[in-house]
Amino acid sequence: MMRVTFIHADGKGRTEAEAEPGSTLLDVAQAHLIPLEGTCEGQMACSTCHVVVESQDFDRLPPASEMEEDMLDLAAGARRTSRLSCQIVLTEDMDGLTVRIPAESRNMQGVR
């Protein structure tokens, strides 16, 4: 098992999560009730699972694909270290990864 820290959109709350290598960051977030929508279910057709990776951890991730970069152009509050959590497959080398949920994030799951 490995650990991932999610910093909530308010910048104050934190959730420490255990994760299995091979899981996507989106799946781990949703399993721990982190409000990341993931509307397209990992198909890179939206940016509702956008996270901001802490700068000290960003270089531990493989580079984003061109398609992911294109979707990040549509993400609210995108920054230099932004990624789509559905595209981050966790490896043991990423143990201790910290990501922020952007303040601009809006989870519409369950809204009717």
Side-chain angles (χ1 to χ4, degrees):
M1 291 297 259
M2 54 183 292
R3 299 205 53 82
V4 177
T5 300
F6 295 93
I7 300 174
H8 301 189
D10 65 7
K12 298 174 186 170
R14 299 169 72 90
T15 298
E16 303 281 334
E18 287 192 346
E20 290 281 345
S23 303
T24 67
L25 187 59
L26 176 61
D27 288 341
V28 173
Q30 289 178 339
H32 288 84
L33 304 177
I34 302 298
L36 284 178
E37 192 169 341
T39 300
C40 73
E41 298 178 354
Q43 301 301 308
M44 267 198 298
C46 72
S47 60
T48 60
C49 68
H50 165 228
V51 295
V52 178
V53 179
E54 291 291 278
S55 58
Q56 70 269 16
D57 293 332
F58 189 73
D59 290 335
R60 294 197 288 155
L61 303 179
S65 68
E66 187 174 330
M67 190 172 171
E68 182 180 355
E69 292 285 349
D70 289 345
M71 289 312 304
L72 285 167
D73 287 342
L74 305 174
R79 294 164 181 78
R80 185 187 66 77
T81 62
S82 289
R83 292 294 302 268
L84 298 179
S85 61
C86 69
Q87 297 303 302
I88 299 174
V89 178
L90 297 170
T91 65
E92 290 179 5
D93 294 339
M94 296 176 198
D95 188 28
L97 181 72
T98 299
V99 298
R100 294 179 175 274
I101 309 304
E104 298 85 356
S105 180
R106 297 291 176 262
N107 182 358
M108 300 302 287
Q109 281 183 318
V111 175
R112 302 204 188 275

Is there a side-chain contact between [X] and [Y] (heavy atoms, below 4.5 Å)?
X	Y	answer
Ser47	Leu84	yes
Glu41	Cys49	no
Thr91	Pro21	no
Val51	Arg100	no
Arg3	Glu18	yes
Ile101	Ile7	no
Val4	Leu90	yes

Please give me the minimum heavy-atom distance between [X] and [Y], naming the atom from each residue.
X	Y	answer
Gln30	Leu36	NE2-O, 3.0 Å
Thr39	Thr48	N-OG1, 2.9 Å
Ala9	Pro102	CB-O, 3.6 Å
Arg60	Asp95	NH1-O, 3.0 Å
Ala17	Val28	CB-CG1, 4.0 Å
Ser82	Phe58	O-CE1, 4.3 Å

Would you say CD of Glu16 has more than 12 non-hydrogen atoms from neighbouring residues, nucleotides or ligands within 6.0 angstrom?
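Counting neighbours around CD of Glu16, more than 12 heavy atoms of other residues, nucleotides or ligands fall under 6.0 Å, so yes.
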
What I want to check is whether the side chains of Thr15 and His32 have a donor and an acceptor closer together than 3.5 Å.
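His32 and Thr15 do not have a side-chain donor-acceptor pair below 3.5 Å.
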
Under the criterion side chain to side chain contact (heavy atoms under 4.5 Å, CB included), I'd like the reasoning laid out for Ile34 against His8: C-alpha separation, chi angles, the key distance, then a yes or no.
CA-CA 8 Å; Ile34 302 298; His8 301 189; 4.3 Å; yes

Working to the nearest 0.5 angstrom, can you tell me the gap between [X] [atom1] and [Y] [atom2]?
X	Y	atom1	atom2	result
Glu37	Ser85	CD	OG	11.5 Å
Glu69	Met44	CD	CE	10.5 Å
Gln43	Met67	CD	CE	8.5 Å

Is it possible for you to say whether Met2 and Val99 belong to one hydrophobic cluster, with membership spreading through side-chain heavy-atom contacts below 4.5 Å?
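Yes, same cluster.
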
Begin from the C-alpha positions of Ile88 and Leu26 and carry the test side chain to side chain contact (heavy atoms under 4.5 Å, CB included) through to its verdict.
CA-CA 8 Å; Ile88 299 174; Leu26 176 61; over 6 Å; no

Where do Phe6 and Leu25 land on the side chain to side chain contact (heavy atoms under 4.5 Å, CB included) test, with the steps shown first?
CA-CA 10 Å; Phe6 295 93; Leu25 187 59; 3.6 Å; yes

Would you check if the side chain of Asp57 reaches a backbone N or O of Leu97 as a donor-acceptor pair within less than 3.5 Å?
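No, because the side chain of Asp57 does not come within donor-acceptor range (under 3.5 Å) of the backbone of Leu97.
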
Test: salt bridge (Lys or Arg N to Asp or Glu O under 4.0 Å). Region: residues 73-83. Which pairs qualify, not counting sequence neighbours?
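Every salt bridge (Lys or Arg N to Asp or Glu O under 4.0 Å) pair that includes a residue of residues 73-83, provided the two are not neighbours, is Glu68-Arg83, Arg79-Glu104.
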
